[in-house]
Each structure stands twice: as C-alpha cells, then as structure tokens.
Amino acid sequence: GCNRPVKCTEKFAGHAANLRTAIAWSCNSFFCNAFRLTVDNRKYGDPRVGLTKWKEYLTAFDLGHKTGVDLPSEDGGNVPDTAAYDKEYRGSWNSCTMVTIGIGQDKLLVTPLQMANAVCIVANKGYYYTPHFVEKIDDETIEDSSLLNRYRVKHSVLTHISDTSYKAVIAGMHDVVENGTAKVVQIPGINICAKTGTAENYRVIDGKRTKLKDNSMFVCFAPMENPRIAVAVVVENAGFGATWAGPIARIILEKYFNDSLIMAGK
C-alpha cells in the first residue's frame, strides 16, 4: 500500500522530474504515482470510476484480451477491474491497494506479443494492425483482395491522444538507449527506442508463495524516425531487463537491419 512508498532502483538525480526522464531511468515511483493520479482523478469523483477508466485505456491498447494472431493457444492476459478487487477486498479498496499496477505488477498480466503490439501503437503514434504471420505479399494487385484485407485493417487507438504525448514517450524511449537503462542495446547508425522492465516472479512451492528471481523484460522499436520493426523479449528468472532481455533484442535488431552480428563471439 501507500504506507510503504515505491522507490526507484536508479540513483540518477531528478529521475522523476517528468515523463521523458522517468522512462529513460525506469522510475518506479513516477509511474506508480501516475497510476494513482489516474484512479484518484477528481473529475471522476470515485476511484471505482477512475479504475474503470484506466481499464478502458489499457483495453484500447489491445491489452487484456487476445490480439487475434494466428495461434490457437494465444493467451489474453489480464487487465483487472473493480469486480476483481471487490472480490478480494470485500469492496474496501483504494488506489493504494493496487498501486504497483503502475509498474506492471499486481493483477496485471501481459503476453510478449501484447507488449510488442502495444509498443507498435506508440511507434505509430496511435494505431496498430492485428499481428499475423505474413512474411510478404507478392501480388498486391490480386483481384480478390478479400483474402488480404484482414491484414490491412488499421485500428486507431483513442484518437484524442495527441502526437505531442506520443512524442514525449518516444523521446523517453530513445533516451533509454542513448543514456538511460539500456545503453548496451546501441547499434551505430540506428536510432532505437526501448524500455527496460523487471517483473517480480512468484511461485507456490510446497504450499508457500515463494519469490524467485525477477523476470527480465524488454521492448523496443526502430528506427525512431520511420519505425520498421518492434521487438519484445521476456527472459524468466533473469533479473533486470537490460541484463539479458535487452541484449537479446539487440541481436534481433542487428540481424534485421545489418544482417550481421558484431557481438558474435563476445
């Protein structure tokens, strides 16, 4: 709860000064506070309304349900609602109850594909295409285009969100790689935008809830000016996002852009 404040792991001064800096240095306290400001927004007048509005936003970003990719076993993840907390806390809860949702914890569950799709929305400044397994379309002049139309459906997300807001997030994600938590991902000549993540990992062992080593998480897209690829990596029990997930994403980007790996053998 809020009696035990959420602190940042980075020691960079001023890391919570604004959104861009908070993204660059992955500041937990900034994002938890942003979540609370959403749920407790005075214009809603009730944290129940605030949490419902928050869920609407995440649902619009294609979280909390299946994306529709060509996989029969796709998991939909979970974006909790008021009913979930009413059940657990008998209707007595507030924004402090689930404050760690601000950093992707608590009851929030996402899949790697959802993470990649969400970062596509940021890269595109407000739209996405349902993920499909398509390498390329050879004949775009095919008369019966109904077969191809499902790959072309453009989903716009909350059109009232301004380009300025997206640009602030993109700038912060670029700072992550240039001078923030994931400098290890830099590739000469390519402006990469990224976000590191570390997810707490619990398992029930011998009837007891046991904390294991954190899961390492990383999302990115590139290039910043005209995005062509988005990547999400999750490595279980691997610690900070920049430790293992970031370098793996870098290898994928390097292979995609340069068709070579300068890190090979290191």
Side-chain angles (χ1 to χ4, degrees), residues 1-2 6 18-20 22-23 26-69 74-131 150 153-170 172-173 193 195 197 199 217 219 221 230 232:
C2 296
V6 179
N18 54 57
L19 175 62
R20 177 173 177 174
I23 291 174
S26 199
C27 181
N28 290 345
S29 58
F30 180 95
F31 297 112
C32 284
N33 186 57
F35 172 76
R36 289 201 65 208
L37 290 175
T38 300
V39 176
D40 295 336
N41 192 323
R42 289 182 179 179
K43 74 177 182 180
Y44 301 141
D46 185 339
R48 302 181 67 86
V49 179
L51 186 65
T52 300
K53 180 60 66 173
W54 169 84
K55 180 179 171 67
E56 287 178 9
Y57 269 75
L58 266 70
T59 301
F61 273 74
D62 214 25
L63 301 175
H65 54 261
K66 296 180 180 181
T67 66
V69 70
E74 183 187 9
D75 196 311
N78 181 57
V79 176
D81 57 12
T82 56
Y85 291 104
D86 284 343
K87 182 178 180 180
E88 183 170 352
Y89 296 99
R90 299 182 181 180
S92 180
W93 54 265
N94 57 35
S95 64
C96 290
T97 306
M98 72 291 288
V99 66
T100 54
I101 275 185
I103 54 172
Q105 304 281 358
D106 204 73
K107 297 181 185 298
L108 183 67
L109 299 174
V110 298
T111 67
L113 179 61
Q114 289 173 335
M115 290 168 58
N117 197 38
V119 84
C120 282
I121 295 172
V122 174
N124 292 332
K125 300 187 185 72
Y127 68 87
Y128 69 95
Y129 295 91
T130 297
R150 66 184 180 132
V153 178
K154 183 177 178 179
H155 302 279
S156 295
V157 175
L158 301 173
T159 54
H160 65 278
I161 299 177
S162 67
D163 271 10
T164 302
S165 297
Y166 281 112
K167 286 177 180 177
V169 175
I170 291 170
M173 292 180 69
C193 297
K195 181 69 183 72
M217 309 178 78
V219 295
F221 68 85

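Here the structure is a predicted model, which is why all the values come from computation and not from measurement.
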Is the shortest distance from a Lys or Arg side-chain nitrogen in Lys167 or Asp163 to a carboxylate oxygen in the other one below 4.0 Å?
no
Without hydrogens or angle criteria, can the side chains of Thr130 and His155 be said to hold a donor-acceptor pair below 3.5 Å?
yes
Determine whether the side chains of Tyr85 and Asn94 contain a donor N or O and an acceptor N or O closer than 3.5 Å.
no
Give a yes/no verdict on a cation-pi contact between Lys154 and Tyr127, requiring under 6.0 Å between NZ or CZ and the six-membered ring centre and an angle within 45° of the axis.
yes
Are any of the side-chain heavy atoms of Ile161 and Leu158 separated by less than 4.5 Å?
yes
If the condition is side-chain contact (heavy atoms from CB on, under 4.5 Å), which residues does Leu37 pass it with, not counting sequence neighbours?
Asn33
Which residues pass the ring pair (Phe, Tyr, Trp, His ring centres under 6.0 Å) test with Phe221, not counting sequence neighbours?
none
From CA spacing to verdict: side chain to side chain contact (heavy atoms under 4.5 Å, CB included), Lys195, Val119
CA-CA 9 Å; Lys195 181 69 183 72; Val119 84; over 6 Å; no
What's the verdict on side chain to side chain contact (heavy atoms under 4.5 Å, CB included) for Phe30 and Leu19, showing C-alpha distance, side-chain angles and the deciding distance?
CA-CA 8 Å; Phe30 180 95; Leu19 175 62; 3.8 Å; yes
Check the pair Asn78 / Leu108 against side chain to side chain contact (heavy atoms under 4.5 Å, CB included), numbers first and verdict last.
CA-CA 6 Å; Asn78 181 57; Leu108 183 67; over 6 Å; no
Using distance alone, with no hydrogens and no angle criterion, decide if Thr159 and Ser156 have a side-chain donor and acceptor under 3.5 Å apart.
no
Testing the basics here: between Ile101 and Pro80, what is the closest heavy-atom pair and its distance to 0.1 Å?
CD1-CG, 3.8 Å
For Thr67, which residues count as a side-chain contact (heavy atoms from CB on, under 4.5 Å) partner, sequence neighbours excluded?
Asp62, Val69, Glu74, Leu113, Gln114, Asn117, Pro131
Should the pair Phe61 and Tyr166 be assigned to parallel (<30°), tilted (30 to 60°) or perpendicular (>60°) ring geometry?
tilted
Distance-only polar pair, side chains of Lys53 and Thr38, donor-acceptor under 3.5 Å
no
